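This structure is a prediction, so every number in the text was calculated from the model and none was measured. Sequential numbering from 1 along the given sequence is applied to the chain's residues.
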Amino acid sequence: MTATERPPAWRLLLAFGIIYFVWGSTYLAIRVGVREMPPFLMAGLRFAIAGALLYAWMRMQGVPGLTPHEWRNTSILGALMFLLDYACLFWAEQRVPSGIAAVILAIIPACITLLEIIFLRTLRLTVRLAIGLLVGIVGVAVLMSPAASLGEAPLDRGGAIALLVAALGWSVGTIVSRRLAQPESKAMSAGAQMFSGGVQLLVLAAVAGEYSRFHVRDISGAAWFSLVYLIIAGSIVGFTAYVWLLHYESPTKVGTYAYVNPVVAVIFGAALGNEVIGRRTMLGTALILVSVVAITTMKGKQARDLPTRPESSLVAD
């Protein structure tokens, strides 16, 4: 795009602010909500409603609907990236502080890198990548190990493991998405994945017996606000800002939200959620963020150096 076609600087700053601070604040919103709402039901309501609204909006804009084949692929991605990932995240946040949850999920780039090296073979395991991966693993170990609590309360082991499963689910979904045909429109694809994943989460909530434990009159205004915030700000506004930014900025620059979100989540958790920022949290956060920066910058360099493999390219961007 030419310079004259670029939007005003304040709009770009606003969009970056949304993906930095709104997405970073969603972890605290989840923690507020799951104190009173069943986790799978809350996650299902969030994504089923947000996905339906986004899908309907794109259809109103004239974007074609999905083919049966695309719906099948979307359901697979919805299972990996929404059912598995967010079921584990919402469940874990009943047991783990929101800031720590965000920091542990920041290892997703490391998980994706390992899958690319081992299965797709689109990356070489260089010394820098190996060090980056090792630093990230040490960061997670610092957060999870009772022996390395450094004066903070030990993390709930089940919650921490659930967060690692969540990171793995999103990472596998990211890899699988490169092999599955999807709608040309990113917003349409995202809406369909959210809706499909949300419906699957609602089914999981039924299987887990959460509906019998959910009584509307017992839910506080704060919990309802957190759900509405997650639907509108976290899912619809946040994703819209993200896709809009990709039209004007490089993916590398837009992807810096992966560094900022955990820091924002830790700060919001401490300032508004009375969560503790101790030496363990600061050390683990620093190690994981160093790992993410090292891995993502090295991946960008290798992507420029390595020849493109047709079988590993996106079927539909």
Side-chain angles (χ1 to χ4, degrees), residues 19 23 26-27 43 47 73-93 96 100-126 129-141 143-144 159-180 182 186 189-190 193-194 196-197 200-201 239 242 251-252 254-259 261-262 265 284-285 287-300 302-303 309 311-315 317:
I19 66 171
W23 275 355
T26 55
Y27 293 92
F47 290 114
N73 294 343
T74 293
S75 298
I76 293 172
L77 296 177
L80 290 169
M81 305 180 80
F82 290 92
L83 174 61
L84 181 57
D85 180 279
Y86 283 97
C88 289
L89 172 59
F90 276 63
W91 183 85
E93 286 217 38
V96 177
I100 296 294
V103 171
I104 292 179
L105 286 186
I107 67 164
I108 286 175
C111 293
I112 294 173
T113 299
L114 280 174
L115 293 174
E116 288 181 309
I117 292 171
I118 297 171
F119 297 106
L120 294 185
R121 300 180 183 275
T122 53
L123 290 177
R124 298 186 301 266
L125 182 59
T126 63
L129 269 180
I131 293 174
L133 290 169
L134 181 60
V135 170
I137 293 171
V138 171
V140 173
L143 293 175
M144 292 184 61
I161 292 174
L163 290 169
L164 293 177
V165 174
L168 180 62
W170 189 274
S171 302
V172 172
T174 300
I175 297 298
V176 170
S177 69
R178 302 180 185 184
R179 303 296 183 93
L180 297 178
Q182 301 172 60
K186 287 184 173 68
S189 179
Q193 288 178 36
M194 285 184 199
S196 173
Q200 293 176 65
L201 283 161
F239 182 78
Y242 173 76
T252 300
V254 177
T256 54
Y257 76 86
Y259 319 141
N261 285 172
T285 300
L287 289 171
I288 290 175
L289 291 182
V290 167
S291 170
V292 171
V293 172
I295 290 169
T296 53
T297 54
M298 188 61 195
K299 284 176 66 176
Q302 284 202 25
R309 294 181 57 183
E311 67 272 19
S312 66
S313 61
L314 288 172
V315 177
D317 193 22

Answer whether the closest heavy-atom distance between the side chains of L163 and E93 falls below 4.5 Å. no
If we ignore angles and hydrogens, is there a donor and acceptor under 3.5 Å between the side chains of Q182 and S189? yes
For I295 and I112, run side chain to side chain contact (heavy atoms under 4.5 Å, CB included): C-alpha distance rounded to whole Å, both residues' side-chain angles, the deciding distance at 0.1 Å, then the answer. CA-CA 10 Å; I295 290 169; I112 294 173; over 6 Å; no
Tell me, do S171 and I175 make a side-chain contact under 4.5 Å, heavy atoms counted? no
Specify whether Y242 and F239 have parallel, tilted or perpendicular ring planes, treating 30° as the upper limit for parallel and 60° as the lower limit for perpendicular. tilted
Show the nearest heavy-atom pair for residues L201 and A87, with the distance to one decimal. CD2-CB, 3.7 Å
Audit row: L80, D85, side chain to side chain contact (heavy atoms under 4.5 Å, CB included) steps and yes/no: CA-CA 7 Å; L80 290 169; D85 180 279; over 6 Å; no
Could you tell me if the side chain of M81 sits less than 4.5 Å from the side chain of V176, heavy atoms only? no
Can you check side chain to side chain contact (heavy atoms under 4.5 Å, CB included) on Y86 and W170, steps first, answer last? CA-CA 9 Å; Y86 283 97; W170 189 274; 3.9 Å; yes
Heavy-atom side-chain proximity of L289 to P262 below 4.5 angstrom: yes
Could you tell me whether the side chain of I137 reaches within less than 4.5 Å of the side chain of L287, counting heavy atoms only? no
For G132 and S291, the nearest pair of non-hydrogen atoms, with its separation, is O-OG, 2.6 Å
Chi angles and distances behind the side chain to side chain contact (heavy atoms under 4.5 Å, CB included) call for L133, L125: CA-CA 10 Å; L133 290 169; L125 182 59; 4.2 Å; yes
Nearest-0.5 Å distance, CD of residue Q200 to CG of residue L84: 10.5 Å
Between the OH atom in Y27 and the CG atom in L105, the distance rounded to the nearest 0.5 Å is 5.0 Å
How many angstroms lie between atom CD1 of I117 and atom OG1 of T126, to the nearest 0.5 angstrom? 7.5 Å
Do F82 and Q193 come close enough that some side-chain heavy atom pair is under 4.5 Å? yes
Look up atom CE in M144 and atom CD1 in I161, then write down how far apart they are to the nearest 0.5 Å. 5.5 Å
Can you tell me how far CD1 of I288 sits from CD1 of I108, rounded to the nearest 0.5 angstrom? 11.5 Å
Looking at E116 and R178, is there a salt bridge between them, counting it only when a charged N and a carboxylate O are closer than 4.0 Å? yes
About how many Å separate OG of S75 and CG of L180, when rounded to the nearest 0.5 Å? 11.0 Å
Using side chain to side chain contact (heavy atoms under 4.5 Å, CB included) as the criterion, list what pairs up with L168, not counting sequence neighbours. V172
